[in-house]
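Just so you know, these numbers come straight off a predicted model, no measurement behind them. So that the names make sense, note that chain A is the first sequence line, chain B the second, and so on, each numbered from 1.
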There are 2 protein chains.
Amino acid sequence: MTTPPQHDPAACIRVSEVLGRVGDKWSIQVVSALGKGPHRFNELRRAIDGISQRMLTLTLRGLERDGLIGRKVTPSIPPRVDYWLTDLGQSLLVPVQALGDWALTHRTSVDQARNAYDRMVDE
Amino acid sequence: MTTPPQHDPAACIRVSEVLGRVGDKWSIQVVSALGKGPHRFNELRRAIDGISQRMLTLTLRGLERDGLIGRKVTPSIPPRVDYWLTDLGQSLLVPVQALGDWALTHRTSVDQARNAYDRMVDE
DNA sequence: CGGCATCCCTGGGGATACTG
DNA sequence: CAGTATCCCCAGGGATGCCG
């Protein structure tokens, strides 16, 4: 086992705030997609499987408000809007990646535990 | 800027799964609280501000099912139930802590961006 | 003490249609 | 193309009450 981090109530609250911000259904995926580089609106729409236009818009607005992504409107015809990660957004990608790595590493363990649990309670 | 992690669709999906599992309103706080050591049901209830009995029960069941926490019933009178982090749960604490650190570090940046955004759209 | 069971209500989010 | 607006549904989750 690694050193168990101690419980810090203040840190807990911060974690909750972060999760409230990026823990919604789509934010992480948008940030991750923008990790590749700038994207236009419909490029993101295609890159993120299952997201609706409405939710993409709302998610992008939220991330922009929090300073995680930038937005540039080019008023051509047809209009063009580009999104990209700010430095702040890039920095968030690091711990997010760590969480993804955890998921990749321990996925089978979780699945096994889940199956064992489900068998135990019959079903 | 640090090296920007590349976008990996498979990794993205995994991140989503992890967030679906621990990104709910209470799981992280329960895991963090148990990072201190084993707790009884009502100890957790008191440690986690605002959680209802119902949600604590549901959250604990979910975490137990996923193998992140252990549960031991002592059928005394009154009954006693202890919860603790499994090794798997401990390992999750690491990336979660990283996310918490990010929140602590960048909290003011996010708040400033948010305030600036809100001023910009008037309100 | 440590739960289920039940009721109920809010809001997250999909589908669809319209606009600049 | 890139939104905004509207309708609508249902799952998350609080409050309350009962049980071993």
inquiry  = I want to check one thing: is the phosphate of dG3(C), taken as OP1 and OP2, less than 4.0 Å away from some side-chain N or O of Y83(B)?
reply    = yes
key: Y83(B)/H39(B) under side chain to side chain contact (heavy atoms under 4.5 Å, CB included): CA gap, chis, key distance, verdict   = CA-CA 5 Å; Y83(B) 296 92; H39(B) 283 70; 5.7 Å; no
key: Nearest listed nucleotide, side chain of N42(B), among dG14(C), dG2(C), dG14(D)   = dG2(C)
request  = Measure from NZ on K72(B) to C1' on dG2(C) and round the result to the nearest Å.
outcome  = 16 Å
key: Euclidean distance, atom CG of residue D24(A) to atom P of dG14(C) [Å, nearest integer]   = 11 Å
Contacts table for residues 105-113 of chain B: side-chain donor-acceptor under 3.5 angstrom, sequence neighbours left out:
unit_1, atom_1, unit_2, atom_2, d
T105(B), OG1, D101(B), O, 2.8
R107(B), NH1, E17(A), OE1, 3.2
R107(B), NH1, D111(B), OD2, 3.4

ask   = Between L99(A) and L92(B), what is the shortest heavy-atom contact and its length?
value = CD1-CD1, 4.4 Å
query = To the nearest angstrom, how far is L56(B) atom CG from dC1(C) atom C1'?
reply = 13 Å
Sequence neighbours excluded and cut-off under 3.5 Å, please list the side-chain donor-acceptor pairs for residues 41-48 of chain B, or say none.
unit_1, atom_1, unit_2, atom_2, d
E43(B), OE1, R40(B), N, 2.8

note = Whole-Å distance, M55(A) CE to dG14(C) C1', equals 9 Å
query = What nucleotide among dG2(C), dG14(C), dC1(C) has an atom nearest to a side-chain atom of K25(A)?
reply = dG14(C)
Pick out the pairs of N or O atoms, protein on one side and nucleotides 4-11 of chain C on the other, that lie under 3.5 Å.
unit_1, atom_1, unit_2, atom_2, d
dC4(C), OP1, R61(B), NH2, 3.0

Presence of R80(B) side-chain N/O under 4.0 Å of dG2(C) phosphate oxygens OP1/OP2 = no
ask   = So what is the end-to-end bend of the helix from dC1(C)-dG20(D) to dG20(C)-dC1(D), with 5 pairs used at each end and the value given to 10 degrees?
value = 40°
ask   = Rounded to the nearest 0.5 Å, how far does CG of L68(B) lie from CG of L88(B)?
value = 5.0 Å
message = Please report the distance, rounded to the nearest Å, between CZ in F41(A) and C1' in dC1(D).
response = 9 Å
query = Expressed in angstrom and rounded to an integer, what is the separation of L60(B) atom CG from dG2(C) atom P?
reply = 11 Å
query = For the pair made of CD1 in I51(B) and C1' in dG13(D), what is the distance, rounded to whole Å?
reply = 11 Å
ask   = Of all heavy-atom pairs between V31(A) and L85(A), which one has the smallest distance, and what is that distance?
value = O-CD1, 3.8 Å
message = What is the distance, to the nearest angstrom, from the CZ atom on R45(A) to the P atom on dC1(D)?
response = 10 Å
request  = Decide side chain to side chain contact (heavy atoms under 4.5 Å, CB included) for I28(A) and L19(B); before the verdict, give the C-alpha distance in whole Å, the side-chain angles of both, and the deciding distance to 0.1 Å.
outcome  = CA-CA 9 Å; I28(A) 292 284; L19(B) 287 174; 3.1 Å; yes
ask   = Looking at residues at least two apart in the chain, or sitting in another chain, which of them share a side chain to side chain donor-acceptor pair (under 3.5 Å) with R54(A)?
value = none
inquiry  = Which residues pass the side chain to side chain donor-acceptor pair (under 3.5 Å) test with D66(B), not counting sequence neighbours?
reply    = R114(A), R21(B)
